[in-house]
Every structure is written in C-alpha cells, then in structure tokens.
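Values reported hereafter were calculated over all heavy atoms of this structure, with side chains retained and with hydrogens, waters and symmetry mates removed. So that the names make sense, note that chain A is the first sequence line, chain B the second, and so on, each numbered from 1. Since we're looking at a predicted model, the values are computed, not measured.
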Amino acid sequence: MTQFGKGCHLHLIDGSAFIFRAFHALPPLTRKSDGMPVGAVQGFCDMLRRYLDHDHGNDAPTHIAVIFDKGSHTFRNDLYDQYKANREEMPEDLRPQIPLTRRATEAFNIACKEIEGFEADDIIATLSCQAREAGGRVTIVSSDKDLMQLVGDGVEMFDAMKNRRIDREGVEEKFGVSPDKVVDVQALAGDSVDNVPGAPGIGIKTAALLINEWGSLEELLENAEQIKQPKRRQTLIEKREQIELSKRLVQLDCETPLEFTLDDLEVRDPDPETLLGFLSEMEFRSLSKRVAETLGREAPVIPDTTPEGANPPEDDAPDAPPIDPEAYEQVSDMAALERWIEKARDRGWVAVDTETTGLNEMACGLVGISLCIEAGEACYIPLAHRAAATDDLFGSDDLAEGQIDMDKALEALKPLFEDPAVMKIGQNMKYDAKIFARYGIEIAPIDDTMLMSYAMNAGLHGHGMDTLSERYLSHTPIPIKSLLGSGKSQITFDRVPVADAVKYAAEDADITLRLWQLFKPQLHRAHVTRVYEGLERPLVPVLAQMEMAGIKVDRDVLSRMSGAFNQKMAQLEEEIHELAGESFNVGSPKQLGEILFDKMGLEGGKKGKTGAYATGADVLEDLATEHDLPARVLDWRQISKLKSTYTDALQEHINKETGRVHTSYLIAGANTGRLASTDPNLQNIPVRSEEGRRIREAFVAPEGKTLVSLDYSQIELRILAHMAEIDALKQAFRDGQDIHAMTASEMFNVPMDEMTPEVRRQAKAINFGVIYGISGFGLARNLRIPRSEAQGFIDRYFERFPGIKAYMDETTAFAKEHKRVETLFGRVIHTPEIAAKGPRAGFAKRAAINAPIQGTAADIIRRAMIRMPEAIESLPATMLLQVHDELLFEVEAGAEDSLIDAARKVMEAAAEPVVKLDVPLVVDAGQGANWAAAH
DNA sequence: GCTATCACG
DNA sequence: GACGTACGTGATAGCC
C-alpha cells in the first residue's frame, strides 16, 4: 500500500460525461436476451477499457477513480433555483443504464465515488486539492470547461475524445486568462448549458479582456464606474448581484465532505472472473473477447451468439416458457407485494397492467394491478374485488377476502412506478397512466408495446393486445368476455372472482412483457427508434394530460339546440310525408330510395351492391333541382345528424364530477400518424355549415378564461411543395401569396388581379386532389364537371407543375419496390396492397401518395405538442384539444397574447431541427369565449 | 355485426 | 377495354 504523496498520480474520470458521450455517440443497442437497453453501458466500458490500456507514459495513474453525480439538488440550486433548469430530461433509454455503469466501474475494480447532493465536479475539485497538497499530480479525464479552473500546480486535464492533455496553456487558449481567473471569466460570460446568467451581452472574449485589464472580478466590479463603454458600464453596475451569484455558481467547492481518502483510490487489477462475468451478463461479445485477451483469459461463451455485423435472425423471441395462466401468483399481503417491488427494482423493468370497472378512465375505479418481470412469472394484486353474492342477484358490496388495502398497496407501488431507474412496460400505457394519475402516481419512465408495434407495423395490422399476441406469440389471450359476459348481463371487473381475475390479468402483463422483449431490439433494425422515442412515446403523458383536462361544455346551449332541432325535424317530416303521399321512416335510406325511385319514379336511381338505391347527399342534391322532397330530406338529414351525433350525444359525455367533456385520443389509430379522437370524437365537431358551427358555441371557457385556437395554414400543401420541390409553389408560400389563386393563374393564364372566385375554386379543388392522389373521376365528381374536362385540368396542371407528377410517380415506384412509404421524419407506413390487382391497386396507390404528406403534417403537430408543455409552463394555460392541424387551449384572461406568442413559436418551429423545410410554416390564431369565436 | 350516411381535417 | 375511385378518421341509425 502506497501512501498518497509525491510521485503519485491521481486520475479522476468524470463518469457522467463518459456515459453521455457513450450514449449519444453510439447507435442504440439492446441486450438480445431481454431487450434491456445497454448501448451506453457498452460504450462506457469500452471507453474505460481503452483508457486503462492507453499508454500514458510518465502520466500513468497510481490512483484512479470514476466520479458520478448523485441527486439533482445541490447547494447551487439553493443559491439559484434556475441553476441547470434548462437541462433536458435524461432520455428514457438511458436512465436504467446509469446503475449499470456504476456496476461496470466496480467490475473493472476502479473506485466508484459519488456523494448525495454533490456534483461530480465538486468531488473532483476536492480530491484534486487534496492530491496537490499531498505533493502528487492529478489528471482530470474530462473536457468540461467548468473543471478548467482546477488546472495548474500539477493538475492537468485529459480530453479522452481528442486524446489530448489540457494544461495551463490549453486553458489560457480557451479562456484567455490563467486558470485561477477562469471563474471570473465564467461569472461574467455565464453559461447557457448550466443556465448560469452571467452579465448579459458579455461573452468569454470580452470577459477575458476585462479581467486581464483589472486583474480580478472584484476589482472590476469595484471600478465599474470607470468603464468607458456606456452599455458595458451599465450592465456591470446593474447586474452586479447577478454576476456575483454567477461566480458562486461556477466556483467549485474544494471542501466536499468525503468518506474516503486518496489512499482508497489506489489502482487495483481487475478480478478477471468478476469483470468477464459482468461483460458476459451484458452480452458484450466483442468487448469481452478483447478484455479476455488483455487478461490472458479464455473469452466467455455467450449463448445465442449472433456474429456481430451479420444479419440477425427474423425471429427474435427469446426462449421463454409457454404461457400458462395457472402458474401466476396472487399477491394477497404486503410482504408478497414488497418482494415483487424489490424484484422489479433489481431487474430495472416491470410490465404493468391495470384492471378497472370500466373503459372510461375518468369515471372508472381501479380493481387490481398485474405485474410481470420475467416471461412466465407474473402476479395479480387484487385490490377492490367484491365478495361473491350470497343470495341476491346484485352481488355484495363488501370487499372480497385476501386483498391488500388499496391505499397501502399504492403507497408501496408509487416509488417503484415513479423510479427513474425502472422501466414500466405496458400495452396502451396512456390508459394505465391516467388511472394511476387519479391516485397521485406519475408513472415514468414508460415503454408501450402498442406504440412499438405502431412504429414498426403501421399499415400491416392492428396493434391491440389480442392481435399482437396471436401474431407474434401464437397465443390467444383469455377473452375478457369469458369473465364479464356480454350484453345486458355483463358484469364489471370488480365482480369477477379473484381466482379468475388472476389468470386473465397476470396473463396480460406476461404477454406485454414478452411482446416488449420481442419488439425492443426490432425497433432499431426497422429504423424507427427515433419515431418511437421521439413521436410516439413522448405523446403519452401529453395526451393523458389533455384528456384529463377535458373541455367545458355548456349543457343548456346543447339542450336548447336539441329542442329547436326537434321542432324543425317534425315539421320537415310532415312536409316530406305529404310530398311522398304516405308516411315512412325518413331516416331509412332503404325506404327513402323506394319512395323516390319506385313510387315517385324519379330518374337516376342506382342500386349499390346490397341492392338498395343510393340516396347519398350527392344523389339527393342532383334530384333537388327538380323536386322538393329530396331537398327537404337533405335538410332533415343535416338536422338529424347534428341532433343525434352532437347536441344529444355530447350531453351524455359531460362528466358529472368535472362538468367537462373528456375525449380519448388513439395514438395508434390512424395509419398515417394522425391521432383519432373517440368517446366522443371531438375532431369532427361541425364547422362548415352555419347551423353546425353553432354547436361550437357550446364549447366554452370557464369564467375568467378564454379559449385560444392556433392552426397551421395550408400545412399539407406546404409539405407537398417542399417534398416535391416545386419552386413556384415554394416561392408563393414564401411570399405569402394566395396559393389557390396562384395555381389558377398559372394554369389558366389569368393574371392574379383578374382572378374570379370560380376559377380559384377549381384550382383549389385540384390542389387538394393532388394531395389525395388525384384522378379524373374524383375531380370530376368533386367539381361536378364532365370527366373529360376534369382530365384536361389535371393534364394542364401536370404540364405546368411537372414536379408534382414526378413526385407522385416516384412515390408510387418507391411503394411498389419497398411495400412502404415514409414521412420526412422517418415514420414508416406500410402499403402491402400496392401490389394488388384490380380496383384495390388504385386505392393503395392514392393512399401511398397521400400518406407521406398527411403523415409528415401529423409528425409536425406531434412534435409541437410534445414541446408545448415546457413552452407554456410559466403561463396559466392548458392545452385541451388537437384537431389534426389545430391546437385548442384554455388560458386565464389577460394571458391570451403571451400564450399565442409562445405556442405559435413552438408550432412554427416544430419541424426543426430534424427537417429544414423550404417553406415557412404559418400558424393562424384566434380567441374567444367559445370555440366558435376562437376558431 | 354490417352498411349507408355524414361530421371533421 | 373495363374496372370504379378522390386521402384519413368516428358516430349514428337502420336493418338483418
């Protein structure tokens, strides 16, 4: 044992910097056997190995340690609550890897040090000071400029990336002052990364100039009055306090209380068994081979070897026992629950599923929770099952035996569900997250097998658990109907006998875990990791919040409208019956068809495949020019629709407790990446007709608040202009021109100032037609013109904008070759039907043309929504609804303009930085007491 | 449970 | 030469 002193050389590795560099520099990697993300761990180990093997010459370490941060709150947060406040959240795939890097360090037999509530930098500073005082030398392995103040008197830094030592000269090069003056410069210049304010308008260059002129920050501030430049003088005088605070923030603490000494850090050889054991547990094949070579050992055999670089097999299913519902455990006491929680913590992940009394997360009760950690080993924790009925039909209100008290169970589970180091895996996690939120648990981090499937398989099949289980695990889960029954005699889950519930519920968690282990490594290979992690998963908490917020709906407004509609319908019905000469059900297309075409003998009756006459709006509109009856039916239908679907149904959806309507968004509902809204659908509230639009008056802001709506202007056409690279369109958007008028002008050679509304209308129809995969027939029907004329328009359009034709051809060719198309953000939409013959081919082709455009627009608003909570954090505003290209907010009166500024900024910049669009994104805003006024 | 119809982007 | 079409959704009513 060597006493640390002269001749000793301490190397201090900045562990966090190593991890982040490893995480960001390397592609995501998951452990093959179970899907655990381990890319950063591998990178970390490799960097450690390379550092130890590196020939350090005269600078070889006699003592070494890896220093980590611990805890997010330090004394600097007490000095300044905004310190490091702009730090991005740690990526969710990185969190579970942090404890593994600690284990890796220990496996290399290197001292691994951290102290709760202290930054690694302060520990490094303290150790450096101690080592220097003892007469030894120090190498700090980091390129972090915050550590540069420590350089000098035997302390140097080493940039492992550039393989370069940083000494006094290196620091002076960077800061323009000697190391002991670095904090003074930093105090003035501030640091945007750590959110240190500094002096506004003064950067490193100016700061160095000032410090060198006055000798120190204190001298400078004392003599600030004498500064010649007025702006600079004013800043230094006015911001003095802020500058002094900044100095305290950047000054490292050499007095950190340590529970170890320098002697504890002496270099030790690794124990080959431990190190190789760890590496093979992580399944790092090439790394363990390399390390084994250095150690002169046999490389450990890692089962299920896939040669690196070779194509992995199609089937990734880890060897797992068959699914056996009899094998699941019922958790009936706290001791058993604690065991499961402990196991989940050890493992770093757990599949979770909740059972409830209904499907409405806002109004149902929690009945039980199932967990699964290893395939085949799952449990169910019954919490609110009712005791079996003894005599009556309605069952008992008493709780069944053998259940843990719900509050106690949730109290025990909360730390696990909120533990950043434990991944919570679910199928449709938004549902479970909303349930837990009602019980005060913010579940995170999460993975969602439904969303993984959606990212990889959109267009191929659905993403419900039953579909996925049958498709990927060849297993049909126990149908919920077998427990609940169906129809009138259907019971709620709390009435299901606990023993049956265990099998069903635990099986769901088991299946979810197995799907996760299968999907996780596939994401990267399918090149959709970024889509999943950036566009699907982060939307879960955002949508959960929006759905829970709901929107206030005025029942009286709806009720009055329903009454008025009722009267109007009765009146129309009477007129229709009179015109028909008999009484019939106006709402029955079959009966209506017979009246119109058989009894009245009108022309143009066409029977569809079911043998019934078509009576759609387009048919009736044609007939309406000659007869009153079809015109009245059209009126009747419009009102009937508004009443049944909106003014009546919406009232049923007003939540008793909140007085608001809470929709539910399907993240994986639409193939293109769009959301879908259900129960109720708030994405199709009428707006186009005057009468329909009045329904929006029932969507209101509460007293003292305002509804604010922001919507993207022409987003799909802008995306088309960018993707198809149409210069004329791009320029028109940049110039803020009327795009439909401009199209008309180009096509029909009409000068812009002579444009008629009719010509513009036709050009608009063509522009939209292009987005949908235009056809002569479709355009003809839409514009009600002969097909030949429509085809003429299209021909002229393609002649004028050959790029559009080229884009459409290229997209179809791509789809044919790859059986998929992609958005600008890498979202994949599969198009298996593209190879079909017959009419289906036409459908598939148009869908393939539309999907990248619609999907890119969907990606953009998703990005905006994901960034929105942080952007409006400081405002008294809530995001309530999304309607494809519109976001609706509720905001306290007075803050409307601040909200519009903040939200517009996020929306207009939502494509960046991944995609730089050639056209600007423009967002229009409106506000008012109700949705009609805000739109 | 399927089909027709119609509300939205 | 015929096929039969605008893209993406969800809710409701009628009907079998």
Without placing hydrogens or testing angles, list every side-chain donor-acceptor pair under 3.5 Å for residues 840-847 of chain A, not counting sequence neighbours.
from      : atom 1 : to        : atom 2 : distance (Å)
Arg840(A) : NH2    : Glu833(A) : OE1    : 3.2

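- Comparing the P positions of dA6(C) and dA4(B) gives a spacing of 13 Å, expressed to the nearest Å.
- Regarding Ile861(A), its CD1 atom lies at a distance of 19 Å from the P atom of dG8(C), rounded to whole Å.
- Of the listed nucleotides (dC15(C), dA6(C), dC7(C)), dC15(C) has the atom at the smallest distance from the side chain of Lys590(A).
- A salt bridge links Glu890(A) with Arg660(A): the closest approach of a Lys/Arg side-chain nitrogen to an acidic carboxylate oxygen falls below 4.0 angstrom.
- Across the protein-nucleic acid pair, Lys606(A) atom NZ and dG4(C) atom P stand 13 Å apart, rounded to whole Å.
- Leu675(A) comes within contact range of no nucleotide atom at all, as no heavy-atom separation falls under 4.0 Å.
- Look at Glu691(A) and Lys641(A) and you find no salt bridge, because none of the NZ, NE, NH1 or NH2 atoms lies under 4.0 Å from a carboxylate O.
- Phosphate proximity of dG8(C) to Arg674(A): absent, as no side-chain N or O sits under 4.0 Å from OP1 or OP2.
- Using a 4.0 Å heavy-atom cutoff across all strands shown, Gly616(A) reaches sugar-phosphate atoms only and no base atom.
- Note: CZ (Phe843(A)) to P (dT5(C)) measures 6 Å, nearest angstrom.
- Rounding to whole angstrom units, CG of residue Leu783(A) and C1' of dT5(C) are separated by 15 Å.
- Rounded to an integer number of Å, the gap from Asp859(A) CG to dG8(C) P is 16 Å.
- Backbone-only engagement by Arg781(A) is indicated by non-hydrogen atom pairs under 4.0 Å involving sugar-phosphate atoms exclusively.
- Using a 4.0 Å heavy-atom cutoff across all strands shown, Asn782(A) reaches at least one base atom of the nucleic acid.
- Between Tyr613(A) and Phe597(A), the two ring planes are tilted [angle within 30° to 60°].
- Proximity note for Ser588(A) (side chain, C-beta onward) versus dG10(C), dC15(C), dA6(C): the nearest is dC15(C).
- For Ala676(A), the side-chain atoms get nearest to dT9(C) when compared with the rest of dC7(C), dT9(C), dA6(C).
- Taking atom CD1 of Ile595(A) as the reference point, atom C1' of dG14(C) lies 16 Å away to the nearest angstrom.
- Contact annotation for Gln638(A): backbone-only contact, meaning every heavy-atom pair under 4.0 Å involves sugar-phosphate atoms and none involves a base.
- Salt bridge present: Glu621(A) and Arg784(A) bring a charged side-chain N and a carboxylate O closer than 4.0 Å.
- Between Tyr532(A) and Asp448(A), the side chains place no donor N or O within less than 3.5 Å of an acceptor N or O (distance only, hydrogens not considered).
- In this structure, dA4(B) forms a base pair with dT12(C), meeting either the Watson-Crick or the G-U wobble geometry with both donor-acceptor distances under 3.5 Å.
- Atom CG in Leu779(A) sits about 13 Å away from atom P in dC7(C), given to the nearest Å.
- When ring centroids are compared, Phe793(A) and Phe748(A) come within the 6.0 Å threshold.
- Put simply, OH on Tyr454(A) is 11 Å from C1' on dT9(C), counting in whole angstrom units.
- Contacts of Ile774(A) with the nucleic acid, taken as non-hydrogen atoms under 4.0 Å apart, include base atoms.
- Relative orientation of the Phe768(A) and His740(A) rings is tilted, given thresholds of 30° and 60° on the angle between their planes.
- In this structure, CD in Gln427(A) is found 8.0 Å from OG in Ser453(A), a value given to the nearest 0.5 Å.
- Using a 4.5 Å heavy-atom cutoff, the side chains of Leu675(A) and Leu539(A) are in contact.
- A salt bridge is absent between Glu799(A) and Lys805(A): the closest approach of a Lys/Arg side-chain nitrogen to an acidic carboxylate oxygen does not fall below 4.0 angstrom.
- Across dT3(B) and dT5(C), the matching P atoms stand 14 Å from one another, rounded to whole Å.
- Checking dT5(C), dA6(C), dC15(C) against every side-chain atom of Arg787(A), the shortest atom distance belongs to dT5(C).
- Within 4.0 Å of Ala617(A), counting heavy atoms only, lie sugar-phosphate atoms of the nucleic acid but no base atom.
- Between dC3(C) and dT5(B), the distance separating the two C1' atoms is 25 Å to the nearest Å.
- Across all strands, Ala780(A) comes closer than 4.0 Å to no nucleic acid atom at all (heavy-atom distances).
- Among the heavy atoms of the strands, none lies under 4.0 Å from Glu886(A).
- Of all nucleotides in DNA chain B, those with any atom nearer than 4.0 Å to a heavy atom of chain A start and finish, going 5' to 3', at dT3(B) to dG9(B).
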Using the 3.5 Å cut-off, write out each protein N or O paired with an N or O of nucleotides 11-13 of chain C and the distance between them.
from    : atom 1 : to        : atom 2 : distance (Å)
dA11(C) : OP1    : Asp679(A) : N      : 2.9

